[in-house]
Number of protein chains: 2
Amino acid sequence: MEKLYNTNSLSFQVFNELERQIINGVLTPGTSLTENRLCEQFSVSRTPVREALRMLEQKGLVQITPNKGAVVLGISEKDLTDIYTIRMYVEGLASRWAAQKITDEQLERLTEVVELQEFYQNRACSEQINDLDTRFHELIYEYSDSRTLQHTLSNLHHMIQHYRQRSFSSDGRAPKAIKEHRDILNALIAHDADLAEKLTVEHIANAHANLLSLIVK
Amino acid sequence: MEKLYNTNSLSFQVFNELERQIINGVLTPGTSLTENRLCEQFSVSRTPVREALRMLEQKGLVQITPNKGAVVLGISEKDLTDIYTIRMYVEGLASRWAAQKITDEQLERLTEVVELQEFYQNRACSEQINDLDTRFHELIYEYSDSRTLQHTLSNLHHMIQHYRQRSFSSDGRAPKAIKEHRDILNALIAHDADLAEKLTVEHIANAHANLLSLIVK
DNA sequence: AATGCGGGGATTGTATACAACAATACAAGA
DNA sequence: TCTTGTATTGTTGTATACAATCCCCGCATT
């Protein structure tokens, strides 16, 4: 379950770091990524760099033009809004399926995450809260027991990590979000698929609305 | 728009061919892909093979374990059902957005595709019909004017190409599907977002039901 | 001045060589 | 017999060398 994962392999180190930089806006859209520059930057040869770039292309984070190289695509504010809307349409499905299939052991793990969130919520640890938010949603994706749905939603959720961080760190969104998580958890405990779906859709809608209000400012 | 795209580069040739084989079930789940074997098979060096494998991993078609190699994941019947269900939740959104944003020129192109389908529908050319089905849906994804939605749905639609082929080649599904396409097209022409969404969801549901009836046999 | 045409430097594409790791088989010792 | 250590082999990870392509710039021609 833990993603100790390919943390070794230089390809993945480069991939993860570039992904992070793109998602966090360090690398702005339009930036062209020449292989040699990245080689120097990461002190690795071209092989892992090229592999990382190919992976990023499949994720839609860079665009590779044959014989010309890679440019950063990044995540625009329109992408952000689109992602929330897409999640509003589909993330309820994850909770619905999870409600039908979740085991007692899985419920325990999820409960633990929610309790940790409640523990942190008044301590202004926006990073921990964001991490736990990620874990909460990722666990539901996993417990939906659908590889494809997990893959799809995980990608979407991951893309907007940086924006969520802003949301949690700036205002009173965290307590509300955590309360909503607790409600969803209760619906899952009751195996009430309809309710879990409904609450999840509302949760996404609220998160979206909150983020929009921040951006307008 | 056309995907003349990276058809050159050996990496993409290998990627496309492996993807095709996985999607078509030529490579069954669990098959382990050793780099040297693929090198011989495609008569290329390890570099493009490795890049292809990394891309396939990001698409969720193979799983790479560090220092151990890649194994085929493939698309199970459960994945198939899941994909249709997910599309039922989200594909309507593409039509909704397309209805709001589609231009006259884009409508012409889409109309052309539907007319071609109607031309072929009684000629038992299931391959052409499948190709045109792909083009119809891909165009709507494109005209939804959302990079993320296009990316998401394009992946899902692509995954089940092989199953759709079976659907079109085996029974009276093609004429019904084409009729549904015509109805969706009309809704788009009228820029009726609600109707376009509703018809699209029904279209996916019908396609799913049809495929299920085939599999049960 | 505008256009067309090399040419050289920079960049990507591909192949290969070497290093690190994993798995297996086999032998030595308890 | 069982265990454990080790050698061997096959596979993946990384670096580098070479080939193909593109791009920019200067130059000549009109």
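Just so we're clear, the structure is a prediction, and the values are computed from it rather than from any experiment. Here is how names work: the chains are called A, B, and so on, in the same order as the sequence lines, proteins then strands, and each is numbered from 1.
- In this structure, Glu91(B) does not pair ionically with Arg96(B), as no charged nitrogen and carboxylate oxygen lie closer than 4.0 Å.
- For Ala196(B), the side-chain contact (heavy atoms from CB on, under 4.5 Å) test picks out Ser95(B), Ala99(B), Ala187(B), Leu188(B), with sequence neighbours left out.
- Contacts between residues 46-53 of chain A and DNA chain D, defined by a heavy-atom separation below 4.0 Å, involve Arg46(A), Thr47(A), Pro48(A), listed by number.
- The outermost nucleotides of DNA chain D lying under 4.0 Å from heavy atoms of chain B, listed 5' to 3', are dT12(D) to dT14(D).
- For His151(A), the side-chain contact (heavy atoms from CB on, under 4.5 Å) criterion is met by Asn155(A), not counting sequence neighbours.
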Donor-acceptor pairs under 3.5 angstrom involving side-chain atoms of residues 68-80 of chain B: please list them, not counting sequence neighbours.
residue  : atom : partner   : partner atom : Å
Ser76(B) : OG   : Lys78(B)  : N            : 3.4
Ser76(B) : OG   : Asp79(B)  : N            : 3.0
Ser76(B) : OG   : Asp79(B)  : OD2          : 3.1
Lys78(B) : NZ   : Asp145(A) : O            : 2.7
Lys78(B) : NZ   : Asp82(B)  : OD2          : 2.7
Asp79(B) : OD2  : Arg147(A) : NH2          : 3.0
Asp79(B) : OD2  : Ser76(B)  : N            : 3.0

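- Residues of residues 36-45 of chain B having a heavy atom closer than 4.0 Å to DNA chain C, listed by number: Val44(B), Ser45(B).
- Here Asn67(A) pairs with nothing under the side-chain contact (heavy atoms from CB on, under 4.5 Å) rule; sequence neighbours left out.
- Listed by chain and number, the residues in a side-chain contact (heavy atoms from CB on, under 4.5 Å) with Ser45(B) are Thr47(B), Pro48(B) (sequence neighbours excluded).
- Each ring pair (Phe, Tyr, Trp, His ring centres under 6.0 Å) pair with one or both residues in residues 14-47 of chain A, not counting sequence neighbours, would appear here, but there are none.
- Between Lys68(A) and dG13(C) there is no side-chain polar atom (N or O) within less than 4.0 angstrom of OP1 or OP2.
- Residues meeting the ring-ring contact (aromatic ring centres under 6.0 Å, His included) test with Phe136(A), sequence neighbours left out: His181(A).
- Residue pairs meeting the salt bridge (charged side-chain N to carboxylate O under 4.0 Å, His left out) criterion with at least one partner in residues 149-167 of chain A, sequence neighbours excluded, are Asp133(A)-Arg164(A).
- Judged as a ring pair (Phe, Tyr, Trp, His ring centres under 6.0 Å), the pairs with a partner in residues 52-96 of chain A (not counting sequence neighbours) are, in order, Tyr84(A)-His208(A).
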